[in-house]
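The figures here come from the full heavy-atom set of this structure, side chains too, leaving out hydrogens, waters and symmetry mates.
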Amino acid sequence: MTRPPLAAAPTGEVEVPEAVRALAAGATVTPVWRNRLGGLTFHVGDHYVKWAPAGVSGLDLRAEAERLSWASRWVSVPRVVGQGADAQGSWLVTEALPGLSPVDPRRPVPPEVAAAAVGQGLRTLHDTLPVAECPFDWGVSTRLARVTEENRSLPSSPPEIDRLVVCHGDPCVPNTLIGADGSFTGHVDLGSLGVADRWADLAVAAWSMDWNFGPGHDGLVYEAYGVIPDPERVAYYRLLWDLPTL
C-alpha cells in the first residue's frame, strides 16, 4: 500500500507563527517539515522549534516534551529547551541532534540504508528504555479509547503480546535520524511514546518504507532489527494504526 507521507518538507511560502518569530529573537527561521495536521517544524540556530495550531487533536506538544525528557536519560532523542502555548497554538523547542531524516532532501539515502537504520534504531530503543520505569502507555486499550465504536474494525481481541517494550509510537521512516556514514543517530517525534508490544512499532516502521520508498523494502527493517516477520501481529497493528481517532 502506497500513501502520501504523513509529513514532508514544505513547498512554497510558509507563514511563520508569531510565537516562533518571538522565540527566534531575530535569528534566521527555516521551515523544514510540515505534517498533514497542520504542524510545522522550523530550524532556528542550533535548535528546532515545533509548532502546532490550537485545537488540533493528535498534536500534543506538552505530552511530547514530557516523553522526550523522560527518554533522554537513556537514548538519543532531542533535549527539551522549552515548551509553551498561546491562543494560536503550542510550541516545543529542542536541541538539534546529529544526523538527518532518511527522506531529507538535503541528503537523501538509498532505501537499504534507511531500512537498516530504522531497524537498528528501533532495536536500540526497545532494548534500552526500561519498561518498569516508563510512566506512559501505548497499549491497545489506551489507543482504542481514542477510537469511536463505529470505527473499531478490528478482531475482537489483539494477538498475545510478543515482547513488551517502550515503543516509539510514531516509528515511520522520517522519525529516525541517520549520520553521514549511514548509521542510526537518534529518534525524533516521540509524542506517542509508551509501553506496548514491540510489533506496534515494527509493523508500522516496516510499512512506512513502502510509503517513502515504494514496495519491497519492509523485510530489510525486520532483518536489521533481528526478527522474523509475524503476519498476524503485523496485520493487527497496521489495522490499529489506520483507525481514525478522536
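For the pair S208 (side chain) and V173 (backbone), a donor-acceptor distance under 3.5 Å is present. For R123 (side chain) and A224 (main-chain N/O), no donor-acceptor pair under 3.5 Å exists by modelled atom type.
Shortest non-hydrogen contact noted between S69 and V80 is OG-CG2, 3.8 Å.
Between Y48 atom OH and F42 atom CZ the span is 13.0 Å, to the nearest 0.5 Å. Within the model, atoms CG of L61 and CH2 of W91 stand 10.5 Å from one another, a figure rounded to the nearest 0.5 Å.
Salt-bridge annotation for D127 and R163: present, with a side-chain N of the basic residue lying under 4.0 Å from a carboxylate O of the acidic one.
The shortest side-chain heavy-atom distance between V113 and P102 does not fall under the 4.5 Å cut-off. Side-chain contact between F184 and T176 is present, with at least one heavy-atom pair separated by less than 4.5 Å. Residues D197 and R233 are in side-chain contact: their nearest non-hydrogen atoms beyond the backbone lie under 4.5 Å apart.
R198 meets the side chain to side chain donor-acceptor pair (under 3.5 Å) test with D162; sequence neighbours excluded. Among residues two or more places apart in sequence or in another chain, the side-chain contact (heavy atoms from CB on, under 4.5 Å) test is passed with L240 by V140, R143, L144, L154, Y236, Y237, L243. Scanning for side chain to side chain donor-acceptor pair (under 3.5 Å) contacts around Y225 gives H126, with sequence neighbours left out. Residues forming a side-chain contact (heavy atoms from CB on, under 4.5 Å) with E18 (at least two apart in sequence, or on another chain): none. Residues meeting the side-chain contact (heavy atoms from CB on, under 4.5 Å) test with P98, sequence neighbours left out: none.
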Got a list of side-chain donor-acceptor pairs under 3.5 Å for residues 132-139, not counting sequence neighbours?
{"residue": "D137", "atom": "OD2", "partner": "G139", "partner atom": "N", "Å": "3.1"}
{"residue": "D137", "atom": "OD2", "partner": "T142", "partner atom": "OG1", "Å": "2.3"}

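Annotation for R107: atom CZ counts as buried by contact number, over 12 foreign heavy atoms lying within 6.0 Å.
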